[in-house]
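All values derive from a computational prediction rather than experimental measurement. For this chain, numbers begin at 1 and follow the sequence in order.
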Amino acid sequence: MNTQPLAARMRPRSVHEFIGQSHLLQPGKPLFETIERRGIHSMILWGPPGTGKTTLAKLLASNANAHIESISAVLAGVKDIRAAVAQAEKSDLPTILFVDEVHRFNKAQQDAFLPFVENGIITLIGATTENPSFELNNALLSRARVYVLKSLLEEDLIAILDQALLDEERGLGRLKLQLSLQMKQVLAKAADGDGRRILNLLEILSDLTDHGETGTMVSDALLQEVIQHSTRRFDKGGDAFYDQISALHKAVRGSSPDGALYWLARMLDGGCDPLYIARRVLRMASEDIGNAD
C-alpha cells in the first residue's frame, strides 16, 4: 500500500502532465524552448506555495538527463552546499542543485554558490515564495534567470482534481469518488490557487467518505465540514501579507466598501492579528479620509 500523500503521488512525471503556468510553458516562451532543446540554465522560480516550483525543477532535471541534488535552505548551510558540489564533481551527468526556500540563505551562504555556478560545476535552480530582488544578492541574480509562477486558476485546479479522481494507479480512480462541478468549484475556491492544497482537501474528503462498490457521491455536508477549516493563503511578513494589506488600503482609498470588506475578511481568515489591522484602519481614517475631508 502506498502511504505517500495524494499530492506526492500525483506529482507530474513529465512536462506534458504539468498543469498551469501556461505563460511560461507555451510554445515560444523561453522556458518552453529550454525544455524543447532539453537544455538547462541557472534559474530562480518565484511564486506562491503549491504552484509547481519543486515539480518543475525535477521535470527540468529529468528532461535534460541531469542529476539533481536537493537541499532546503531552512535546514542546510555552507557545509551542505560543499557536499553537493563534491557530489557534482564526481558525477558523469550534469548536476542541478535545487535549493528550496533559497531566500532563507544569508549573503555568505548565497555567495558560496557563485564560483561553482560560474564554472559550470552545478546549475542552480532556486525556489522562493519571496521577491528575489529583495531577498537574493545581485551577484546571484545576475547569474540566474527569474521565472514568476502564478497562483493556479480555477480551471487548472479543477483539472488537477479530475486527474486525481480518474487516475487508478496513483490517484483515487479505483474508489470512483464522484463530485459535482459545483463541489469542484467550491474546492478550487478553498484551495486559493494552491495545487497541493486542493489535493490535500480531496484526500481528506476521500478518507471521510464511506465508499460503495459502484461509486460514492460526496455529500454537501461533508464538503462544508472539510473546507471550513481551510484558511486562505496568508504569509505574515511575506509578500502575501503586504499585498493584502495594500489591497485593503487601496479599497478604502478608492471608496470600495465591498472590496475593503473582502480584504478585511480574507486577512482575518488567514490569521492576521486584528490589532495590526485596527492600527492600519486608524491610519487610513486619519491620513486618507481625514485629509481628503
Open item on the list: Could you walk me through whether Lys90 and His67 satisfy the side-chain contact (heavy atoms from CB on, under 4.5 Å) test, starting with their C-alpha distance in whole Å, then the side-chain angles of each, then the deciding distance to 0.1 Å, before giving a yes or no?
Closed with: CA-CA 11 Å; Lys90 297 176 188 174; His67 171 67; over 6 Å; no
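- Every residue two or more places apart in sequence or in another chain was checked for a ring pair (Phe, Tyr, Trp, His ring centres under 6.0 Å) with Phe32, and none qualifies.
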Task: Check against side-chain contact (heavy atoms from CB on, under 4.5 Å), Phe18 and Thr55 - done: CA-CA 8 Å; Phe18 193 90; Thr55 296; 4.0 Å; yes
Open item on the list: Walk me through whether Asn65 and Arg38 qualify under side-chain contact (heavy atoms from CB on, under 4.5 Å).
Closed with: CA-CA 8 Å; Asn65 193 30; Arg38 294 188 179 275; over 6 Å; no
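- Under the side-chain contact (heavy atoms from CB on, under 4.5 Å) rule, Leu124 has a single partner from Ile96, Leu140, Leu114, which is Leu140.
- Partners of Glu89 by side-chain contact (heavy atoms from CB on, under 4.5 Å), not counting sequence neighbours, listed by chain and number: Val85, Ile121.
- A donor-acceptor distance shorter than 3.5 angstrom exists from the side chain of Asn119 to the backbone of Pro115, with no hydrogens or angles considered.
- Looking at Lys53 and Asp100, no side-chain N of the basic residue comes within less than 4.0 Å of a carboxylate O on the acidic one, giving no salt bridge.
- Look at Arg13 and Glu169 and you find a salt bridge, because one of the NZ, NE, NH1 or NH2 atoms lies within 4.0 Å of a carboxylate O, short of that distance.
- Clustering ILVMFWY residues whenever any of their side-chain heavy atoms sit less than 4.5 angstrom apart, transitively, puts Ile204 in the very cluster that holds Leu172.
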Open item on the list: Run Leu175 and Ser206 through side-chain contact (heavy atoms from CB on, under 4.5 Å) and show every step you take.
Closed with: CA-CA 8 Å; Leu175 301 179; Ser206 174; 3.3 Å; yes
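- What you find for Pro132 and Ile44 is that their closest heavy atoms are CG-CG2, 4.0 Å.
- Residues satisfying the side-chain contact (heavy atoms from CB on, under 4.5 Å) criterion with Glu135, sequence neighbours excluded, are His103, Glu130.
- Listed for the Thr209 side chain is a donor-acceptor partner under 3.5 Å among the backbone atoms of Leu205.
- Counting heavy atoms from C-beta on, the side chains of Glu69 and Thr95 come closer than 4.5 Å.
- Between Asp167 and Arg174, none of the side-chain N atoms (NZ, or NE/NH1/NH2) sits under 4.0 Å from a carboxylate O, so this pair counts as no salt bridge.
- At least one donor-acceptor pair closer than 3.5 Å links the side chain of Ser286 to the backbone N or O of Leu282.
- For Arg170 (side chain) and Arg11 (main-chain N/O), a donor-acceptor pair under 3.5 Å exists by modelled atom type.
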